[in-house]
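Notes to accompany the following structure.
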Amino acid sequence: MLCTVYVLYRDGQKLPKEEVRASPISGHLIVGQCPNRRYPMKVAQLLSLEDGQEFALPTLDSAVVVGIKRGGILITGNDAPSLGHFRLQRWWVVPHQVVTVAPAADA
């Protein structure tokens, strides 16, 4: 899903609203089972707009969709900068509106 993500925490601490609003990151959001783990874990990943392969943000482990309201989706989980070290993270996700134009019918 093409969207803009607002990162709500840094180093496990809630960011001020002004800082959150100043740093939106757009990309392709994927939420689901992580295929590279030996145990079941839901993850959220934001892939870059440029190639759709590179991560625009670190993976959000143990991702849970907390709510969908007011034009956005709140996802909570953990970012893990190193093995065994987890920090609270939340993303506010705003989906992009996609407009599809059908080809004109010949008269």
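Sequential numbering from 1 along the given sequence is applied to the chain's residues.
In this structure, the side chains of Leu88 and Thr76 come closer than 4.5 Å at one or more pairs of heavy atoms. When side chains are defined from C-beta on, Trp91 does not count as touching Leu8, because their heavy atoms never get closer than 4.5 Å. In this structure, the side chains of Lys42 and Val64 stay at 4.5 Å or more apart for every pair of heavy atoms. At least one side-chain heavy atom of Leu49 sits less than 4.5 Å from a side-chain heavy atom of Leu2.
Among residue pairs with one or both ends in residues 62-73, none qualify as side chain to side chain donor-acceptor pair (under 3.5 Å); sequence neighbours excluded.
From Arg90, atom CZ reaches atom CG of Leu74 across 6.0 Å, with rounding to the nearest 0.5 Å. In this structure, CD in Gln45 is found 11.0 Å from CG in Leu57, a value given to the nearest 0.5 Å. To the nearest 0.5 Å, atoms CG (Asp61) and CG (Asp79) are separated by 8.5 Å.
Among all heavy-atom pairs drawn from Thr4 and Ser26, the shortest one is OG1-OG, 3.0 Å. Residues Val7 and Tyr9 come closest through the heavy atom pair CG1-O, 3.3 Å. The shortest heavy-atom contact between Val93 and Pro95 is O-CD, 3.7 Å. Between Ala63 and Val43 the shortest heavy-atom distance is CB-C, 3.7 Å. The minimum heavy-atom distance between Tyr6 and Pro24, with the atom names listed, is CE2-CB, 3.5 Å.
In this view, Val65 and Ile68, Ile73, Ile75 satisfy the side chain to side chain contact (heavy atoms under 4.5 Å, CB included) rule, not counting sequence neighbours. Residues forming a side chain to side chain contact (heavy atoms under 4.5 Å, CB included) with Ser23 (at least two apart in sequence, or on another chain): none. Residues meeting the salt bridge (charged side-chain N to carboxylate O under 4.0 Å, His left out) test with Asp51, sequence neighbours left out: none.
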Check: residues 12-21 side-chain donor-acceptor pairs under 3.5 Å, at least two apart:
{"residue": "Glu19", "atom": "OE2", "partner": "Arg10", "partner atom": "NH1", "Å": "2.7"}
{"residue": "Glu19", "atom": "OE2", "partner": "Arg10", "partner atom": "NH2", "Å": "2.6"}

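Hydrophobic clustering, with ILVMFWY side chains joined whenever heavy atoms are under 4.5 angstrom apart, keeps Trp92 apart from Ile25.
Residue Phe55 belongs to a hydrophobic cluster whose other members are Ile30, Leu47, with links defined by side-chain heavy atoms closer than 4.5 Å.
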